[in-house]
Amino acid sequence: MRTISKLLATAVTALGFASAGNAALIHDYQLNGTLADALGGPSLVPINAGGPNGTIGATGFSFPFNSGLQLSNGLPNGGNYSIEMTFSFDEVSSWRRIIDFKDRATDRGLYDYFGGIQFYPFSTGASIFTPGGMVNIIATRDGGTGAFNVYAGGLSILPGGIPLDDSVNNDAVFSAAGNLINFFRDDLAVPNEASSGFVDMIRIYDAPITAVEARCLQTQDPAACGIVLNNNVPEPGSLALIGLGLAAMGAARRRKV
């Protein structure tokens, strides 16, 4: 089913350029029968663990367990970015890898953990995942401060709604050659913490998105931010297509054993 967020992506691509504050949309993967970037950048590449790659369909990409998508040479700065994703996992128990930042060399990274968002090894935040349930998240890192955050429903869903200070460890910096990004495939340090699932859309910005801009993108509130399409403020009807409006619920603190 074509999502609201994907409809916006089509409108944005038709205009050729979008920015959220200082963050410019640089890659738009609508996944409508192709892994190509609608803005002309590098394509996504299927990855697997010795099994099937997954299947691109008319409305998205279905990936088997511990398979997913990979992007190389897509970020001008591996520590300064925003990544928006609309996807679902078939399984949400235990750890299920969302984004790998270090070309599978470390267990640290972004996961679902029993339905909650977790940047391992730090505490688990808001519960948003259910088996087969579509979610829209924005993961964002500020290269100047090292602040890493994840938004859903226009709210930070990290523990306490507080950004993670990544200025020392740089765990959320893409440091492999080409600023390689792995989606949905787990690392080799503690492997196979993954799930099969479906991804509807991936969009990448070249700078961090603010809380105000995340609310605009995810809660259909065009008055909340100054997103510019082709240097013109879009009509409210266009921005009304934005987002899934997910509600952030609860918080838990857990660690791997």
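We number each residue from 1, following the sequence as shown.
Between the side chains of Asn66 and Asn192, a donor-acceptor pair is found at a separation under 3.5 Å.
Phe183 pairs with exactly one of Leu44, Ile47, Leu110 by the side-chain contact (heavy atoms from CB on, under 4.5 Å) rule, that one being Leu44. Residue Phe101 is tested with Phe174, Tyr120, Tyr111 for a ring-ring contact (aromatic ring centres under 6.0 Å, His included); the sole match is Phe174.
Relative ring orientation between Phe119 and Phe122 is described as tilted, the plane-to-plane angle lying within the 30° to 60° band.
Nearest heavy atoms, Ile162 versus Ser156: N-OG, 4.1 Å. Heavy-atom minimum distance, Ile117 versus Ile157: CG2-O, 3.0 Å. When all heavy atoms are compared, the tightest approach of Arg97 to Gly109 is NH1-CA, 3.1 Å. For the residue pair Ile204 and Ile181, the shortest heavy atom distance occurs at CD1-CD1, 4.3 Å. In terms of heavy atoms, Asp166 sits closest to Arg141 at OD2-NE, 2.9 Å. Nearest approach of Pro64 to Ser62, heavy atoms of both residues: CD-O, 4.1 Å.
Remark: Ile83 CD1 to Ile138 CD1 distance equals 11.0 Å, nearest 0.5 Å. A distance of 13.0 Å separates OH of Tyr29 from CE of Met201, quoted to the nearest 0.5 Å. In this structure, the separation between OG1 on Thr106 and CG on Leu188 is 11.0 Å, given to the nearest 0.5 Å. Put simply, CZ on Phe198 and CZ on Phe87 are 13.0 Å apart, with the number rounded to the nearest 0.5 Å.
Side-chain atoms of Thr219 come within 3.5 Å of backbone N or O of Arg215 as a donor-acceptor pair. Listed for the Ser82 side chain is a donor-acceptor partner under 3.5 Å among the backbone atoms of Ala207. Here the side chain of Ser175 pairs no donor or acceptor atom with the backbone of Lys102 at under 3.5 angstrom. The backbone N or O of Asp186 lies less than 3.5 Å from no partner atom in the side chain of Glu193, so there is not a single donor-acceptor pair. For Thr140 (side chain) and Ile209 (main-chain N/O), a donor-acceptor pair under 3.5 Å exists by modelled atom type. A donor-acceptor pair is defined here as one N or O able to donate and one able to accept, closer than 3.5 Å; no such pair exists between the side chain of Asp200 and the backbone of Gly60.
For the side chain to side chain donor-acceptor pair (under 3.5 Å) test, residues two or more places apart in sequence or in another chain that qualify with Asp171 are Arg108. Remark: Thr145 engages no residue in a side chain to side chain donor-acceptor pair (under 3.5 Å) (not counting sequence neighbours).
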Side chain to side chain contact (heavy atoms under 4.5 Å, CB included) between Glu84 and Tyr205, worked out: CA-CA 8 Å; Glu84 183 180 6; Tyr205 296 82; 4.3 Å; yes

Might you work through the side chain to side chain contact (heavy atoms under 4.5 Å, CB included) test for Phe184 and Met85, ending with a clear yes or no? CA-CA 11 Å; Phe184 313 122; Met85 309 166 60; 3.5 Å; yes

Apply side chain to side chain contact (heavy atoms under 4.5 Å, CB included) to Ile98 and Phe89, showing your working. CA-CA 9 Å; Ile98 302 171; Phe89 281 149; 3.8 Å; yes

Can Arg185 and Asp100 be said to form a salt bridge (Lys or Arg N to Asp or Glu O under 4.0 Å), step by step? CA-CA 7 Å; Arg185 189 180 182 190; Asp100 164 63; over 6 Å; no

For Asn169 and Phe148, run side chain to side chain contact (heavy atoms under 4.5 Å, CB included): C-alpha distance rounded to whole Å, both residues' side-chain angles, the deciding distance at 0.1 Å, then the answer. CA-CA 11 Å; Asn169 292 330; Phe148 176 83; over 6 Å; no

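Counting heavy atoms from C-beta outward, Arg96 and Phe65 have side chains that approach closer than 4.5 Å. Put simply, the side chain of Asn80 reaches to within 4.5 Å of the side chain of Pro208, judged on heavy atoms. By the 4.5 Å heavy-atom criterion applied to side chains, Asp112 and Val135 are not counted as neighbours. By the 4.5 Å heavy-atom criterion applied to side chains, Ile26 and Leu39 are not counted as neighbours.
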Determine all donor-acceptor pairs shorter than 3.5 Å in which one atom belongs to a side chain in residues 68-77; sequence neighbours excluded.
from	atom 1	to	atom 2	distance (Å)
Gln70	NE2	Asn182	OD1	2.7
Asn77	OD1	Gly79	N	2.9

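No single ILVMFWY cluster, assembled from side-chain heavy atoms under 4.5 Å apart, contains both Leu164 and Val173. Neither Tyr81 nor Leu180 shares a network with the other; the hydrophobic side chains, linked directly or stepwise wherever heavy atoms of I, L, V, M, F, W or Y lie under 4.5 Å apart, form separate groups for each.
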